[in-house]
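These notes concern the structure reproduced below.
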Amino acid sequence: MKKIALYVGILVILTFIIPFCFTRVTVESKTIANGDMGKQDYKNNQEKINEYSQVDLTPYNYNDYNTIKVLHSKTNTIEELPLDEYLYGVVAAEMPVDFDIEALKAQAIVARTYTIYKIMQNQSKHGEAQICDNSACCQAWINKEDRFERWEEEKREANWNKIVYAVNETKGKIITYDGKPINAFFHSNSGGATEAPVNVWGGSGYPYLQTVQTSGEEGYDQYSSEAEFTKEEFVSKLQQAYSDFDINFDEENCIQVLEYTDGGRIKTIKIGNYNLSGVEVRTIFGLKSANFDIQIGEKINFKVTGYGHGVGMSQTGADSLAKQGYKCEDIIKHFYVGVEIVSM
Ligand SMILES: [Zn+2]
């Protein structure tokens with residue numbers, strides 16, 4: 001009997017304890033490697049695959065929020081997905097995968113918070129579904145197959161692992177203010193300063209959404225853009241919005257900025273016989289942001305800074321901060337003022 005007990009004991013050690021020791025070693029070395037991510041580019045793709053495949057995939061218990069019904073707007077079908085699995089598709093669609101892992105983790109927490117906020121709001125504007133995959137309406141989502149199609153073949157697995165890792169490393173975490181999930185707006189590039197929602201959509205009630213400055217955003221492609229129109233095109237676009245629009249380009253101050261927002265975007269601008277908001281001009285001319293200069297020459301030229309509405313987290317700002325050593329929670333607290341990050 002003693003012999004049998006000894007064999008069983010050895011078997012247990014071989015089966016469970018020894019592999020567990022090795023697992024611990026792997027996890028620790030992964031943590032060290034992860035700390036260096038921002039500083040060095042991994043040339044070895046296999047190394048990346050290994051690093052990000054070491055993640056605990058046990059589903060988190062979100063109680064009432066374990067699954068979400070997503071409306072796929074192109075096919076008009078509804079799919080019910082486990083919450084974090086849905087978030088893989090959101091992070092994959094919303095943020096470039098080559099961004100720093102801490103920026104991707106921040107994006108995962110932001111997307112999870114936005115999703116929970118949507119479910120709680122229960123607007124039912126999508127019928128049975130709780131959220132849709134249109135970025136202009138809710139938040140973007142892409143399935144794994146479609147995402148793979150757009151990545152180089154040899155990077156697909158590592159890229160996907162990195163996203164799964166970002167979501168699972170932050171599982172259960174959401175952003176709250178006064179104990180409630182926040183309306184976690186985000187955008188591509190703030191141009192150096194984010195915007196208060198009152199200057200974009202009007203209204204108030206989001207004390208955590210204020211203008212904050214972020215350094216390093218000028219290093220991204222999304223930071224600056226241009227748009228050019230002939231004078232005829234310019235007038236025609238404004239007349240589509242206001243049929244009695246009129247402008248005399250020979251007149252001094254025919255275009256004049258009247259007020260800027262705290263975030264440096266145009267609040268009010270006089271163009272010809274109209275005073276318009278910067279956001280309105282952005283929409284009429286399809287500009288990337290409401291932070292722009294207008295030059296009148298042979299043509300009308302817009303020089304635009306930043307990309308998106310400017311409210312909440314800037315994605316390139318998140319990446320820039322991550323590369324300066326910020327962790328995901330610091331990044332979130334930088335962009336959303338006075339918030340907490342809690343486990344649901
Ligand atoms: Zn929607």
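All of these numbers come straight from a predicted model, not from anything done at the bench. In each ligand, atom 1 is the first atom listed, and ligand 1 is the first ligand listed.
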Lys231 to Phe249 six-membered ring, cation-pi geometry met (6.0 Å, 45°): yes
Note, Ile269 side chain near Phe292 side chain (heavy atom, < 4.5 Å):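 Yes, close enough: below the 4.5 Å cut-off.
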Check the side chains of [Y] and [X] for a donor-acceptor pair under 3.5 angstrom, ignoring hydrogens and angles.
X      : Y      : result
Glu94  : Ser135 : no
Asn183 : Tyr206 : yes
Tyr260 : Asn291 : no

Between Phe234 and Phe229, ring centroids under 6.0 Å: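 Ring-ring flag for Phe234/Phe229: false, centres at least 6.0 Å apart.
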Listed protein N/O/S atoms, distance to the Zn ion (ligand 1) under 2.8 Å: His126 NE2, Cys132 SG, Cys137 SG, Cys138 SG
